[in-house]
Amino acid sequence: MFTHHLFKPNSIIKNYVINHLLQHPQSLFTPKRSCNCYTQTPSQEDTIIAELILKNNSKTQLVEHCRRTQWSPDLVDRVLKRLWNHGPKAIEFFKFIDRHPSYAHSGSSFDHVIDICGRLRDYKTMWDLVKEMCKRRIGPTPKTFAIVIERFISAGKSDRAVKTFLAMHEYGCPQDLCSFNTLLDLLCKSKRVEMAYGFFKVFRRRFRADTVSYNVIANGWCLIKKTSKALEVLEEMVERGLEPTVSTYNILLKGFFQASQIKQAWDFFLQMKKRGCEIDVVTYTTVIHGFGVAGEIDKAKKIFNEMIKQGCLPTVPTYNALIGVLCKKDDVENAIVVFEEMVRKGYVPNTTTYNVIIRGLCHRGEMDRALDFMGRMKDDECEPNVQTYNIVIRYFCDTGEIEKALEVFENMCNGECLPNLDTYNVLISAMFVRKKADDLLVAGRLLLEMVERGFTPREFTFNRILNGLLVTGNQGFAKEILRVQSQYGKLPRKFKL
DNA sequence: GTAGGGTTAG
């Protein structure tokens with residue numbers, strides 16, 4: 001059956017937690033209204049600057065404004081965040097401020113821009129910035145390397161990621177257990193588990209692999225649904241004298257659910273309880289979500305009630321799990337009941353909570369109510385994010401209400417949220433369904449806009465739009481797109497406007 | 001940003 005020595009009753013920890021909860025029920029779990037007073041007060045200077053940067057026509061105004069601005073690392077970081085989905089402009093802004101006579105960039109701003117360069121696959125600029133950090137003696141830090149490595153991995157260049165890790169010390173940043181674990185985690189999260197495990201086996205002695213290292217690898221195997229491999233790794237961990245933690249158990253538990261091994265998941269959960277392992281709010285949330293996804297709503301609800309009875313208060317993610325599965329496998333109306341209940345209890349729904357509800361409503365075709373919830377988000381100081389907009393835009397497109405999708409897109413651009421690659425892909429595809437010449441013009445404009453913002457449209461998208469424009473007699477515009485495409489082909493990652 | 005629990009369509 002289950003690996004027996006994985007289960008060592010951890011009664012000391014368990015008793016400590018229970019006692020703590022009984023003595024200070026408020027301290028750990030009482031949801032608090034978030035206080036925005038200190039994050040918001042230094043005016044919305046970042047918004048103003050980001051707007052000036054995005055409006056091409058007011059260059060002199062921008063320069064003038066920047067000269068008068070009292071720059072701080074925090075302000076620069078916030079502006080960079082606002083320009084997240086407008087990579088080229090963000091880099092330009094960073095370089096512009098770098099010439100400021102009395103302001104010097106912080107390591108954190110460097111990290112942001114390095115991340116953006118990595119996303120744009122402009123590796124030359126990325127490494128130049130890393131070297132510049134060396135020169136200025138503000139880095140690079142382990143965090144900088146985590147960023148670089150993650151960008152290589154997500155671009156499918158795992159080998160370069162590993163090489164980067166091995167070269168860290170040449171930049172004055174020695175590898176340690178933390179950075180080792182980070183690399184393993186990044187490889188695992190991108191499903192390169194075999195590679196991570198191979199690397200782990202070679203270096204585990206040198207870096208003195210710890211519980212975290214083993215958990216990371218086990219989680220990797222779970223992500224690709226190989227729970228038996230995960231169990232093997234954990235056996236090995238125990239043999240080496242490392243104690244499993246509550247995270248270890250939670251990783252396996254989630255792994256069983258993800259691999260649709262519902263029976264094993266349930267048995268494992270029972271064993272955890274029986275053997276006195278620590279059961280925390282993450283454990284309960286995992287079980288609620290797991291059963292819900294498997295369509296066992298009643299069981300999910302039962303566990304939710306059980307955790308409360310056990311004195312383990314749900315957190316916002318717990319509610320998100322329950323609300324999410326109610327939307328998907330039960331009824332949005334029931335999900336909304338739970339939503340209202342959580343609000344009544346004083347929890348503050350976060351963006352995910354709203355997105356889950358909004359998706360549920362869209363799925364049922366209740367677009368008006370979905371938009372109501374979006375309005376409610378704003379009232380709740382919980383601004384809709386790209387995903388929120390993408391959900392609504394996608395559903396408007398799917399139901400053929402292209403005008404409304406475009407209207408939402410406009411609102412998004414006028415607000416403080418920039419579209420991402422998904423937004424453009426969804427909208428551009430929608431421009432082909434009505435077979436209208438005007439729609440193709442919009443598609444063309446969207447294409448140019450996304451290129452300008454540093455996103456990479458697929459060859460297919462280019463060709464589709466070109467064909468469309470030629471068929472509808474827009475030779476002129478087609479030529480313009482063709483010009484962009486050819487420049488784009490020659491200068492893949494650094495297309496300049 | 002050293003591990004585990006909420007959003008991705010069919």
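No experiment lies behind these values; they were computed from the predicted model shown. Each chain gets a letter, A, B and so on, in the order its sequence line appears, and its residues count up from 1.
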For a quick check under 3.5 Å, do Thr245(A) and Thr248(A) share a side-chain donor-acceptor pair by atom type?
yes

If we ignore angles and hydrogens, is there a donor and acceptor under 3.5 Å between the side chains of Gln261(A) and Thr227(A)?
yes

Pick the C1' atom in dG5(B) and in dA9(B), then give their distance to the nearest Å.
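Roughly 23 Å separates the two C1' atoms.
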
Pairwise C1' distance, dG6(B) and dG10(B) [rounded to whole Å]:
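Approximately 22 Å lies between the C1' atom of dG10(B) and that of dG6(B).
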
Residues Asp380(A) and Arg376(A) bridged, charged N to O under 4.0 Å
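No, no charged N to carboxylate O under 4.0 Å.
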
Heavy-atom count check: over 12 atoms from other residues, nucleotides or ligands less than 6.0 Å from Arg208(A) CZ?
no

Are there over 12 heavy-atom neighbours, none belonging to Arg192(A), within less than 6.0 Å of that residue's CZ?
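Counting neighbours around CZ of Arg192(A), 12 or fewer heavy atoms of other residues, nucleotides or ligands fall under 6.0 Å, so no.
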
Taking atom types as they are modelled, is there a donor-acceptor pair under 3.5 Å from the base of dG1(B) to the side chain of Asp185(A)?
no

To the nearest angstrom, how far is [X] atom [atom1] from [N] atom [atom2]?
{"X": "Leu252(A)", "N": "dA3(B)", "atom1": "CG", "atom2": "C1'", "answer": "13 Å"}
{"X": "Leu183(A)", "N": "dA3(B)", "atom1": "CG", "atom2": "P", "answer": "13 Å"}
{"X": "Leu177(A)", "N": "dG1(B)", "atom1": "CG", "atom2": "P", "answer": "18 Å"}
{"X": "Asp176(A)", "N": "dT2(B)", "atom1": "CG", "atom2": "P", "answer": "9 Å"}
{"X": "Asn215(A)", "N": "dA3(B)", "atom1": "CG", "atom2": "P", "answer": "11 Å"}

For Val287(A), report the nucleic acid contact type (base, sugar-phosphate, nothing); a contact means any heavy atom under 4.0 Å.
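Nothing, no heavy atom under 4.0 Å.
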
Base, sugar-phosphate alone, or nothing: which one does Leu184(A) contact when heavy atoms must sit under 4.0 Å apart?
nothing

Please determine whether a side-chain nitrogen or oxygen atom of Lys189(A) lies at a distance below 4.0 Å from atom OP1 or OP2 of dG4(B).
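True: Lys189(A) side-chain N/O within range (under 4.0 Å) of dG4(B) OP1/OP2.
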
Letter by letter from the 5' end, nucleotides 5-10 of chain B scores (B base, S sugar-phosphate only, - none; protein heavy atoms under 4.0 Å) BBBSBS

Face-on cation placement of Arg160(A) at Tyr123(A) ring, 6.0 Å and 45° thresholds:
yes

